[in-house]
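All remarks here apply to the structure that follows.
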Amino acid sequence: MKEMSPLEEIRHSAAHVLATAVLRLYPDTQLDIGPPTDAGFYYDFDSQIPFSPEVLQQIEEEMRKVIKENQRFERQEASREEAVSIIKEMGQTTYKLGRLDDIPEGETISFYRNGEFIDLCAGSHVTYTKKIKAFKLLHVAGSYHRGDSSQKQLQRIYGTAFASKEELTQHLERLEEAKKRDHRVIGKDLGLFHIDEQVGQGLVLWKPNGAIIRQELEGFITEQLNKQGYSQVYTPHIGKLDLYRTSGHFPYYQDSQYPPIIHRECLDELAKEGCTCSELSNKLEKGEIDGYLLKPMNCPMHIRIFKSEQHSYRDLPIRLAEFGTVYRWEQSGELNGMTRVRGFTQDDAHLFIREDQLQEEVQGCLSLVKLVFSTLGMDDYRIRVSLRDPESDKYVGAVEAWDKAEAALREAVKTLGVNYEEELGEAAFYGPKIDFVVKDVIGREWQLGTVQVDYNLPERFDLSYVGSDNKDHRPVMIHRAPFGSMERFCGVLIEHFGGNFPTWLAPEQVRILPMNDELLPYAETCLHQLKAKNIRAGIDKQSAKLGAKIRRAETDKIPHMIVIGKREAEEGKISLRSRSNPELDGPHSIEATVGLIAEEISSKSLPKSRKPSS
RNA sequence: GCCCAUGUAGCUCAGUCGGUAGAGCGCGUCCUUGGUAAGGACGAGGUCGGCGGUUCAAAUCCGCUCGUGGGCUCCA
């Protein structure tokens with residue numbers, strides 16, 4: 001049994017109080033489980049009554065009463081037989097008996113009692129309910145019993161609890177603050193992207209400002225690709241079903257693909273025959289009719305490029321890169337802003353290598369991912385090394401090859417000099433992988449950069465190169481994407497910066513604020529000088545007071561403001577107000593300003609101040 | 001896909017007991033020409049997500065549907 005921290009004890013106890021209150025109000029309720037979590041606690045209930053917000057309030061009221069009664073938490077150990085009878089006495093047989101069965105033979109079975117309520121529970125708990133100084137029920141959500149979608153769906157009540165009211169208030173305020181950083185909110189405010197009902201769920205429209213950010217990021221990657229010996233390619237958005245039959249993506253992953261595109265004549269023919277839907281999908285699977293698939297992955301296309309020529313061992317590694325857009329039919333409930341979508345562009349590349357090059361190449365890929373993260377100041381990520389489960393037989397390729405690959409990944413990740421976790425059984429069926437995982441503002445984790453070894457596709461496509469022994473050899477493939485997908489990465493990036501992008505990424509890098517219309521010609525002169533250096537700049541020509549223009553530029557999160565008044569125009573200077581680097585504030589010549597900003601852009605400096613935006 | 005919630009102007013939201021719509025921001029015009037986070041006046045803008053039902057009457061009640069949010073399941 002794991003010792004619980006004091007905070008976990010409070011939360012765990014709050015979960016029991018929640019169950020106590022629910023049973024008082026709705027005695028017919030069947031309880032499942034109620035553990036503490038990172039940010040609070042939950043309890044799963046099976047109840048006829050839908051827990052609406054009003055009901056939730058009543059439950060919260062009842063919980064307050066329970067706490068006020070200052071019930072004592074008492075531990076009680078029981079034999080298996082006693083445990084069964086306690087559960088039966090409580091009338092909680094539906095789920096609790098199953099939970100009891102989960103406890104291995106020989107382990108202590110314990111219950112915790114508070115007031116009239118008793119629950120199968122390993123502990124631990126606070127001593128009295130009054131120790132729960134501050135709690136709040138947050139929301140209700142559906143959840144499957146044992147996390148299995150074929151099981152009954154229960155109602156999960158989420159809440160949080162703290163040792164003091166102040167901490168609770170702070171926590172709730174932080175949640176409010178986090179909501180303001182939500183990429184969906186900022187994306188709308190700053191005109192970065194739009195997801196349109198009529199275009200389709202999970203299909204991102206990049207608006208002009210968002211497109212600039214994406215172009216800058218793609219440019220950054222392209223620069224690195226050129227340095228590191230990659231070749232960029234372009235491939236189409238659809239390919240024949242046969243291609244994906246060979247790769248195994250069709251029909252194996254059919255559920256998460258847009259349905260195939262079938263030629264009109266073929267459809268007419270089938271209609272004449274009175275072909276049913278299931279017959280059609282049968283024929284598609286068997287390959288009796290062909291069609292096209294919106295590509296769910298870029299690899300098969302890159303593989304066909306590799307295979308279009310003969311390769312010598314001297315040519316390897318061959319590194320094919322593409323910003324390749326793929327389409328996957330994600331479940332509707334899973335879609336989320338830009339972080340989970342149905343069409344997305346991977347900053348993809350496939351490396352065709354000799355086995356002896358594996359470690360070096362993985363290392364190269366990892367250092368690229370690391371460079372991306374450090375350039376953007378994203379240091380709050382975790383690295384997950386996903387290995388195979390030695391017990392399972394779902395994996396392709398020889399065990400020796402896996403061992404080598406896993407060893408190579410381990411060695412490569414060690415050279416990064418960062419912490420990482422190994423997770424058994426998390427590998428893809430075709431090879432082990434390393435993922436960079438980042439949290440969003442609400443604490444949800446998203447996989448961004450990824451490096452994966454693949455033994456499967458070279459086999460399926462019968463890839464080969466000619467070795468020094470003049471014989472054919474099978475290359476190994478590496479899939480890698482430093483950003484993962486442009487959509488998800490931008491979503492996370494928006495939240496990371498809270499919209500205050502470093503100047504090199506900012507859609508509008510400089511805004512000129514003339515005090516009045518007479519100064520417009522001078523403002524235009526300054527604008528030309530900025531634009532001559534490829535600096536994205538604009539002039540606020542609105543008839544408004546300076547304060548209002550500054551406010552607008554601040555809320556638009558423009559890195560640099562150039563204020564122009566009579567004084568500046570007479571002296572041939574400008575007055576800089578900079579949110580990305582307040583050290584630069586003050587009067588400068590326009591030439592010096594252009595130089596400073598151009599330097600900031602080319603060095604990809606991170607913002608120096610993080611003023612919270614209003 | 002499933003559970004719950006939700007959908008009113010470009011955005012954020014109000015709209016009581018069912019009596020056919022309101023604010024702020026933004027936008028437009030005019031006035032104002034200013035010194036580091038909001039000057040002022042006037043004006044335009046809505047088939048209340050869509051379809052159907054109940055009703056003399058529906059933004060409001062009911063059903064279906066589409067979208068969104070929070071979870072669950074999933075993520076090659």
Side-chain angles (χ1 to χ4, degrees), chain A residues 42 44-46 50-56 138-158 179 182 184-185 188-189 191 194-202 244 247-250 252-257 296-297 299-300 326 328-337 339-342 344 427-431 433 435 442 444 446-447 450 452 454 456-457 479 484-485 488 513-520 542-556 561-568 575-579 585-586 611 613-614:
Chain A
Y42 68 80
D44 283 346
F45 301 100
D46 183 356
F51 293 152
S52 62
E54 296 78 53
V55 172
L56 214 59
L138 297 171
H139 50 263
V140 190
S143 70
Y144 297 106
H145 174 55
R146 294 187 184 278
D148 179 348
S149 59
S150 64
Q151 298 259 18
K152 181 159 188 187
Q153 192 156 36
L154 311 172
Q155 298 187 76
R156 175 173 296 179
I157 297 182
Y158 280 94
K179 274 188 199 158
D182 190 314
R184 291 166 298 197
V185 174
K188 191 178 266 181
D189 285 350
H194 171 63
I195 296 176
D196 190 86
E197 216 177 293
Q198 200 165 19
V199 173
Q201 285 187 294
Y244 296 101
S247 71
H249 294 118
F250 186 87
Y252 189 59
Y253 290 108
Q254 204 167 356
D255 287 349
S256 42
Q257 287 159 2
M297 312 208 82
C299 1
V326 298
R328 298 181 189 177
W329 186 260
E330 304 288 359
Q331 296 185 78
S332 61
E334 200 47 54
L335 300 172
N336 181 280
T339 45
R340 189 83 185 262
V341 292
R342 282 185 175 161
F344 55 97
F429 73 90
Y430 52 77
K433 54 179 187 166
D435 296 317
I442 332 181
R444 287 178 298 210
W446 298 101
Q447 177 193 312
T450 180
Q452 314 184 353
D454 187 347
N456 178 42
L457 290 177
H479 309 247
S485 89
R488 178 176 292 180
L513 314 179
M515 301 282 299
N516 61 50
D517 294 352
E518 284 163 28
L519 296 159
L520 276 176
Q542 298 252 350
S543 121
K545 282 177 35 176
L546 180 62
K549 290 187 183 184
I550 286 175
R551 183 185 151 80
R552 188 152 45 216
E554 287 282 353
T555 54
D556 289 348
M561 289 170 237
I562 285 180
V563 176
I564 288 175
K566 215 194 237 168
R567 272 205 307 269
E568 286 79 6
S575 170
L576 188 64
R577 177 182 161 125
S578 166
R579 59 180 292 119
D585 281 6
K611 277 193 256 178
S613 56
S614 46

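Letters A, B, ... mirror the listed sequences (proteins, then strands); counts begin at 1. As the structure is a computational prediction, the values presented were derived from the model and not from experiment.
Here the separation of B/C27 from B/G10, taken at their C1' atoms, is 8 Å to the nearest Å. The same atom, P, is picked in B/C51 and in B/A23; the two are 26 Å apart, to the nearest Å. Annotation: B/C72 and B/U60 have their P atoms spaced 33 Å apart (nearest Å).
At a threshold of 4.0 angstrom between heavy atoms, the contacts of A/Q254 with the nucleic acid are absent. As judged by a 4.0 angstrom heavy-atom cut-off over every strand, A/Y42 is placed among residues making no nucleic acid contact. Base contact: A/S256 has a heavy atom under 4.0 Å from a base atom. If you check every strand for non-hydrogen atoms under 4.0 Å, A/G147 touches sugar and phosphate atoms only. Using a 4.0 Å heavy-atom distance criterion, A/R444 is classed as a sugar-phosphate-only contact. Within the nucleic acid shown, A/Y158 comes within 4.0 Å of sugar-phosphate atoms alone, with no base atom in reach, counting heavy atoms only. If you check every strand for non-hydrogen atoms under 4.0 Å, A/K188 touches sugar and phosphate atoms only. The residue A/H139 sits close only to the backbone: its heavy atoms come under 4.0 Å of sugar-phosphate atoms, none of a base. Counting non-hydrogen atoms under 4.0 angstrom, A/Q201 reaches the backbone sugars and phosphates but no base. Within the 4.0 angstrom heavy-atom criterion, no nucleotide atom of any strand lies near A/E54. Within 4.0 Å (heavy atoms only), A/G333 reaches at least one base atom of the nucleic acid.
For A/N336, the listed nucleotide lying nearest its side chain is B/G70; candidates were B/U33, B/G70, B/A37. In the set B/A37, B/G1, B/A76, the nucleotide with an atom closest to the side chain of A/K433 is B/A76. Side-chain proximity of A/H249 to B/A76, B/A37, B/G69: nearest is B/A76. Of the candidate nucleotides B/A76, B/C72, B/G70, B/C72 has the atom nearest to the side chain of A/Y144. Comparing B/A76, B/G39, B/A38 by their nearest atom to the side chain of A/K545 picks out B/G39.
A/K152 contributes no side-chain N or O that, together with a main-chain N or O of A/H145, makes up a donor-acceptor pair within less than 3.5 Å.
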Under-3.5 Å N/O pairs linking protein and nucleotides 3-5 of chain B:
from: B/C3; atom 1: O4'; to: A/Q153; atom 2: OE1; distance (Å): 2.7
from: B/C3; atom 1: O2; to: A/G142; atom 2: N; distance (Å): 3.0

Distances for protein N/O vs nucleotides 25-32 of chain B N/O pairs under 3.5 angstrom?
from: B/U32; atom 1: N3; to: A/S543; atom 2: OG; distance (Å): 3.0
from: B/U32; atom 1: O4; to: A/S543; atom 2: OG; distance (Å): 3.0

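A side-chain donor-acceptor contact under 3.5 Å links A/D435 and A/T450.
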* Pair assignment for RNA chain B - dot-bracket with | for other-strand partners, Watson-Crick or G-U under 3.5 Å -> (((((((..((((.....[..)))).(((((.......))))).....(((((..]....))))))))))))....

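Across the interface with RNA chain B, nearest-nucleotide mapping of A/R156 and A/P514 shows A/P514 to be the residue nearer the 5′ end.
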